[in-house]
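Please read the structure below before turning to the comments.
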Amino acid sequence: MFTGNGIKIFTGTSHPELAEVITRRLGVTLGKAEVTKSGVGESQVRIIESVREDDVYIINTGCGEINTALMEVCIMIHACKIASAKRITAVLPLFPYARQDKKDKSRAPITAKLVANMLQKSGCDHVITMDLHASQIQGFFDVPVDKLYAEPSSIQYIRTTFDLSEIVIVSPDAGGAKRATSMADRLGVDFALFHKERKKANEVSRMVLVGHVKDKIAVLVDDMADTCGTLCLAAQHLSEAGASKVYAMVTHGILSGNALKNVEQSALEKLIVTNTLPQAENVEKCAKIEVIDIGNVLAEVIRRSHYGESVSKLFDEVPY
C-alpha cells in the first residue's frame, strides 16, 4: 500500500491539472511551492515546505511558454537540491525541444542535448518522460531516463471503441512505421503507411499511400500533432482511397496555429490526444478532439520509482 511517506510532488505552471490528477491517484497532497514571474520576466521559485531527505518529483511539461516551463523545472530542481532533497526526479511528459535532436543543417544546434545538460547541472537525478520524439535523447543523459509509452492506453481505447475486424493502423510517415506496426501487431490488424516528400520543414508536398484501406476504419497514429497539416492531408488521402472512417491518435497534441481549424475542416472523425499537455481549451473549441487520461500511468511510474520497483511492466499494460 502506498503511504506517501518520504515523497514530495511539486508542479510548475505549465500543466497543474495533470499534477492534480497524479497526486489524487497516489493519494498524496501536492507540495507547496510559489512559482511566479518578476516584473522583468524572471521565474521566481520558493519551496514552502521541507524536502530534506525526501524523494522529490517535479512535474512540468513542454508547452505554452516553453522556455519559462524549462527554467521553472531547472530552478525548482536547484532549489530542492540545495535544500538537501535525497533524490530529485523531473517528470516531463513532453520533453522540451525534443524535435531539435540532431544536427540536420550546417551550424544547427542540438538543443535537446543542451536541455539534458541543463537538467543535470541543475541537480536532476532521474528523468521520466513519455513518447520521446527520438529515442536517442535518452543517450544525452548520464542519469537514468524512464521513457514511457502511450501505446498501451491507445490500444485499450481502440479495443473498447472499435470492432478490430474493421481496423487498419496507418502511419502518416515512414519514421512512425515502427510505432504503427507495433500497435498493429499487438491488435492483430492490418497496417499501412504514407511516404511523404516535404518542400520545407513543416510543409508536405506529396503523399503516397502504401497498403489497403478500402472499406476499413483507418486509425492514423503519431507521437505529436503540431499544425496537423500532415494528419489532415493523410486523412483526405485515406478517404479518397476508400476508407469508411478516419481517426487519428497522437500522444502529444500541441495543436498550434490553425490546427483546430484544420482538424474541424478535415476528413477526420476524431483526433484522440493524451493529456500530456493541457487540452481543456482545445476540447471546448473543437468538437472533434477527444482526450485519453495518462495521469494514472505517470502516477504508477512515480509509485514504482519511489519503491524501487520495475517500470517495464507499464510498457505493455495500463495500470488500474
Value for CD1 (I294) from OG (S154), rounded to nearest 0.5 Å, stands at 10.5 Å

Flag side-chain contact, heavy atom, 4.5 Å: L255 against L271 | yes

Mind running salt bridge (charged side-chain N to carboxylate O under 4.0 Å, His left out) on E300 and R25 for me, showing each step along the way?
-> CA-CA 9 Å; E300 180 62 11; R25 167 85 181 189; 5.2 Å; no

Heavy-atom donor-acceptor pair, K313 side chain to P319 backbone, under 3.5 Å = no

Which of T61, L132, V145 passes side-chain contact (heavy atoms from CB on, under 4.5 Å) with F95? It is L132

In Å, rounded to the nearest 0.5 Å, how long is the span from CG of L298 to CG of L92?
-> 10.5 Å

Okay, side chain of R186, backbone of D316: is any donor-acceptor separation there less than 3.5 Å?
-> yes

H306 side chain reached by Y57 side chain, heavy atoms, under 4.5 Å = yes

Qualifying residue, where the test is side-chain contact (heavy atoms from CB on, under 4.5 Å) with V250 and the options are D222, T274, I272 | D222

Could you tell me the separation between the OG atom of S305 and the CZ atom of R87, rounded to the nearest 0.5 Å?
-> 3.5 Å

A192 and V168 have their tightest heavy-atom pair at N-CG2, 4.2 Å

I would like to know whether F140 and I110 meet side chain to side chain contact (heavy atoms under 4.5 Å, CB included); could you show each step before the answer?
-> CA-CA 10 Å; F140 294 167; I110 306 174; 4.0 Å; yes

Electrostatic pair D125-K81, nearest N-O below 4.0 angstrom | yes

State, with a plain yes or no, whether a side-chain heavy atom of C74 is found less than 4.5 Å away from one of L119.
-> yes

Decide if atom CD of E65 counts as having more than 12 heavy atoms of other residues, nucleotides or ligands within a radius under 6.0 Å.
-> no

Min side-chain heavy-atom separation V45-H78 under 4.5 Å | no

Under 3.5 Å, side chain of S122 to main-chain N/O of M118, donor-acceptor pair present?
-> yes

Flag side-chain contact, heavy atom, 4.5 Å: M130 against V297 = yes

Is atom NZ of K147 surrounded by more than 12 heavy atoms (other residues, nucleotides or ligands) closer than 6.0 Å?
-> yes

Check whether any side-chain N or O of E34 sits under 3.5 Å from a backbone N or O of R46 as a donor-acceptor pair, and report yes or no.
-> no

Mutual orientation of the aromatic rings belonging to Y157 and F162 [parallel < 30°, tilted 30-60°, perpendicular > 60°] = perpendicular

Examine distances only and state if a side-chain atom of K121 and a backbone atom of A116 form a donor-acceptor pair shorter than 3.5 Å.
-> no

Contact check, side chains of P278 and H15, non-hydrogen atoms, under 4.5 Å = yes

CA sep, side-chain torsions, deciding dist, call: I292, M249, side chain to side chain contact (heavy atoms under 4.5 Å, CB included) = CA-CA 10 Å; I292 298 173; M249 298 190 81; 3.7 Å; yes

Minimum heavy-atom separation for I9 to L26, with atom names?
-> CD1-CD1, 3.5 Å

Do we see a donor-acceptor contact under 3.5 Å between the side chains of S244 and E166?
-> no

Have N67 and Y97 got a donor and an acceptor in their side chains that come within less than 3.5 Å?
-> yes

All heavy atoms of D54 vs all of I7, minimum pair found to be OD1-N, 4.4 Å

If you measure from CG on N282 to CD1 on I289, what distance do you get to the nearest 0.5 Å?
-> 6.0 Å

Would you mind reporting whether T68 and S43 have side-chain heavy atoms less than 4.5 Å apart?
-> yes

So, the side chain of N60 versus the backbone of A69: is there a donor-acceptor pair under 3.5 Å, distance only?
-> yes

Side-chain ion pair, K270 and E290, N-O less than 4.0 Å = yes

Under 3.5 Å donor-acceptor, H212 side chain and D190 backbone = no

Treating Ile, Leu, Val, Met, Phe, Trp and Tyr as nodes and any side-chain heavy-atom pair under 4.5 angstrom as an edge, say whether I137 and V115 lie in one connected cluster.
-> yes

Chi angles and distances behind the side chain to side chain contact (heavy atoms under 4.5 Å, CB included) call for L164, I158 = CA-CA 8 Å; L164 293 185; I158 292 170; 3.9 Å; yes

What are the two closest heavy atoms between M76 and A33, and how far apart are they?
-> CE-CB, 4.2 Å

Validation row: Q156, R159 side chains within 4.5 angstrom (heavy atoms) | no

Nearest non-hydrogen partners of S266 and C232, listed with the distance = CB-SG, 3.6 Å

Can you hop from M224 to I66 via hydrophobic side chains spaced under 4.5 Å?
-> no

So, E72 versus S14: side-chain donor-acceptor pair below 3.5 Å or not?
-> no

Which value, rounded to the nearest 0.5 Å, describes the distance between M71 atom CE and E42 atom CD?
-> 9.0 Å

Smallest separation among heavy atoms of I47 and V51, with atom names | CG2-CG1, 4.1 Å

Rounded distance [0.5 Å steps], CG in L260 versus CD in E264 | 8.5 Å

V213 and M207: same hydrophobic cluster, using ILVMFWY side-chain contacts below 4.5 Å?
-> yes

With distance as the sole criterion, is a donor-acceptor pair present between the side chains of T161 and Y247 under 3.5 Å?
-> no

Do other residues, nucleotides or ligands put more than 12 heavy atoms under 6.0 Å from E281 CD?
-> no

Take R99 and D226 through the salt bridge (charged side-chain N to carboxylate O under 4.0 Å, His left out) test and state the conclusion after the steps.
-> CA-CA 11 Å; R99 285 180 283 187; D226 193 346; 3.0 Å; yes

For the pair D146 and H126, evaluate side chain to side chain contact (heavy atoms under 4.5 Å, CB included) and give the outcome as yes or no after the intermediate values.
-> CA-CA 8 Å; D146 284 322; H126 179 210; 2.8 Å; yes

